Amino acid sequence: MHEEIINWFASHARDLPWRDPDCSAWGVLVSEVMLQQTPVTRVLPVWKDWLLRWPDPAALAQSPSGEAVRAWGRLGYPRRALRLHAAAALMALEHDGEVPGSYNELLSLPGVGSYTAAAVAAFAFGRRETVVDTNIRRVHARLIAGTALPAPALNAAEIRLAEQLLPAEPGQSVRWNAAVMELGALICTARSPKCGQCPVREKCAWLAAGGPAPTYQPKGQAWAGTDRQVRGAVMAVLRAAGPGLQRGLLFSPAAALSAAPAPDPAQAHDSGASGSRAVEASGLTPTEPPVATELARLYRLNAEESQLERVITGLLRDGLAQATGGGGIALPA
DNA sequence: TAGCCGTGGGC
DNA sequence: TGCCCAAGGCT
């Protein structure tokens, strides 16, 4: 089983820049943090820009945290950018500007949990670590346990299984971790697995059992109308705006209506500029076209003032508002 | 531990 | 069209 999966990996692995032997440990760490809950295709361009701009932890630590949040763009979960910046500052201060190589040192960095610590120790430093991510959990569930999906939450039995399956030799253990993860990402996928292309389909307990359905219903996350949706829209405004964003702009329906881009897609390219003029005309504050566009997106959500207040409080609590220069939105209008 | 935290592509 | 899901971490 190990040989078949590792051989499959040798011929089918994606050519990803953070897998290049010349990629720095910093590059690996940045990739792992960006890849937390975010697909590879969306990470790639941001990762490349990020490493060109900040080739090592010290470089990032010397930039304001808001720059990290803006460079993060629309990858999602922007607190990751803040934590990566904090991790860079900590590495500059306590690790001589280097990414530490041990699991425990990595685990102590903000935004680095058990998965990321193990992955960086393994993939950047060649260590023998038990890496357990969602792909590996799913492959183990099917191949070994014979179930369609892993348990709703990671448990001790899964970790023990992963430890038992990990090859003893460090180099082989690294390849095994990467190979099982890649198998889960490309073949043994959550939705419609490509069992016909699987190198270990003959050994799969789930297939042998006839591919039984999941025994529980994964609960989806609500989105429309939630604080998360509003928070994302406010964050987009904060990223687009420079320091000094006016609180009133976030709450004003007048600015909302006038800043709204034309619904006609043919005129959509013009929406930013016209929105900007409209916002300026509303007398609230001078602003930039991208700000007007993001304001318009926020207003179309029709959030109640109480919801906006709650979301802004959360962004202040997390430090995201201050980092982007929008700390002033805490003040009364 | 369960709930929260963004975003957009694919089915 | 919605809904599902993606190399999780933190509280």
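Because the structure is predicted, anything quoted here is derived from the model rather than measured. Lettering of chains follows the sequences in order, A, B, ..., and the numbering in each one begins at 1.
Between the CG atom of A:D227 and the P atom of B:dT7 there is a distance of 14 Å, rounded to whole Å. Remark: C1' of B:dG8 and CG of A:L44 are 15 Å apart, rounded to the nearest angstrom.
Put simply, A:R74 has a side-chain N or O that comes within less than 4.0 Å of OP1 or OP2 on B:dG8.
Both A:R317 and A:S192 lie close to DNA chain B; mapped to their nearest nucleotides by heavy-atom distance, the more 5′-ward contact belongs to A:R317. For A:T41 and A:P78, each mapped to the nucleotide of DNA chain B holding its nearest heavy atom, the one lying further toward the 5' end belongs to A:P78.
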Show me the donor-acceptor pairs, under 3.5 Å and distance only, between side chains in residues 202-213 of chain A and residues at least two apart or in other chains.
unit_1	atom_1	unit_2	atom_2	d
A:K203	NZ	A:E4	OE1	2.8
A:K203	NZ	A:E4	OE2	3.1
A:W206	NE1	A:P212	O	2.8

Could you tabulate the donor-acceptor pairs under 3.5 Å formed by side-chain atoms of residues 44-53 of chain A, not counting sequence neighbours?
unit_1	atom_1	unit_2	atom_2	d
A:W47	NE1	A:G27	O	2.9
A:R53	NH2	A:E67	OE1	2.6

Side chains of residues 96-107 of chain A: which donor-acceptor pairs under 3.5 Å do they make with residues two or more places apart or in other chains?
unit_1	atom_1	unit_2	atom_2	d
A:S102	OG	A:E105	N	3.2
A:S102	OG	A:E105	OE1	2.9

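Ion pair A:R80/A:E32 not flagged as a salt bridge, since none of the NZ, NE, NH1 or NH2 atoms sits closer than 4.0 Å to an Asp/Glu carboxylate oxygen.
Between C:dA7 and B:dC11, the two P atoms lie 15 Å apart (nearest whole Å).
Using a 4.0 Å heavy-atom cutoff across all strands shown, A:I136 reaches no nucleic acid atom at all.
Taking A:Q307 as the reference, A:D227 meet the side-chain hydrogen bond (donor to acceptor under 3.5 Å, both in side chains) condition, with sequence neighbours excluded. Remark: A:R239 engages no residue in a salt bridge (charged side-chain N to carboxylate O under 4.0 Å, His left out) (not counting sequence neighbours).
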Nucleotide-resolved protein contact map, nucleotides 4-11 of chain C, B/S/- at heavy-atom distance under 4.0 Å
BSBBBSS-

